[in-house]
Amino acid sequence: MRFLDTLSLILVIIGAVNWGLIGFFDFNLVSALFGEMSTLSKIIYVLVGIAGLYSLSFLGRDRYENQTDDAVR
């Protein structure tokens with residue numbers, strides 16, 4: 001599970017940096033590297049989107065782990 005969490009975080013960071021570049025400089029790094037909406041670009045966008053949805057589980061997981069830690073003490 002740790003590997004999946006780390007991979008998800010890396011993909012979310014890549015997505016955030018790409019959105020920052022688009023917002024600040026009107027430069028899409030993914031499109032520049034892999035082509036404008038090429039198959040590879042679409043795959044990257046899908047993976048970043050899935051990683052973002054998976055990362056939502058971090059919020060609930062942290063709260064649940066803190067509650068169980070407090071109950072054990």
Side-chain angles (χ1 to χ4, degrees):
M1 198 65 126
R2 179 98 172 126
F3 172 75
L4 192 56
D5 293 349
T6 304
L7 179 63
S8 176
L9 183 60
I10 289 168
L11 288 172
V12 168
I13 290 169
I14 289 170
V17 168
N18 192 52
W19 275 110
L21 288 172
I22 291 170
F24 286 119
F25 306 111
D26 197 26
F27 177 73
N28 189 335
L29 182 62
V30 174
S31 292
L33 292 175
F34 304 110
E36 186 75 26
M37 290 312 286
S38 68
T39 302
L40 192 54
S41 291
K42 289 180 184 180
I43 291 170
I44 291 170
Y45 290 132
V46 167
L47 290 175
V48 168
I50 291 170
L53 292 174
Y54 177 78
S55 295
L56 289 172
S57 71
F58 296 165
L59 295 173
R61 192 178 327 153
D62 288 343
R63 288 188 187 137
Y64 177 75
E65 287 174 0
N66 287 337
Q67 288 175 353
T68 56
D69 288 344
D70 290 341
V72 172
R73 292 181 193 168

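FYI, side chains are in, hydrogens and waters are out, and symmetry mates aren't considered; it's all heavy atoms of this structure. From a predicted model like this one, the values you see are computed outputs, not experimental measurements.
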Set of residues satisfying side-chain contact (heavy atoms from CB on, under 4.5 Å) with respect to L21, sequence neighbours excluded: V17, F25, F27, L29
Applying a strict under-4.5 Å side-chain criterion to I, L, V, M, F, W and Y, I'd like to know whether V12 and L7 cluster together. no
Atom pair CD1 (I44) and OG (S38), whose distance is rounded to the nearest 0.5 Å: 7.5 Å
Is a donor on one side and an acceptor on the other found under 3.5 Å between the side chain of S55 and the backbone of A51? yes
When you group the ILVMFWY residues by side-chain heavy-atom contacts below 4.5 Å and let the links chain together, are M37 and L33 in the same group? yes
Do F3 and L11 belong to the same hydrophobic cluster, where Ile, Leu, Val, Met, Phe, Trp and Tyr are linked whenever their side-chain heavy atoms lie under 4.5 Å apart, directly or via other members? yes
Connected via hydrophobic side-chain network under 4.5 Å: I50 and V30: no
Residue pairs passing the salt bridge (Lys or Arg N to Asp or Glu O under 4.0 Å) test where at least one lies in residues 1-20, sequence neighbours excluded: D5-R61
Return the CG to OG distance between N18 and S31, rounded to the nearest 0.5 Å. 7.5 Å
Could you name each residue pair satisfying salt bridge (Lys or Arg N to Asp or Glu O under 4.0 Å) that touches residues 20-39, not counting sequence neighbours? none
Partners meeting ring-ring contact (aromatic ring centres under 6.0 Å, His included) with Y54 (sequence neighbours left out): F58
Tracing side-chain contacts under 4.5 Å among Ile, Leu, Val, Met, Phe, Trp and Tyr outward from I22 reaches W19
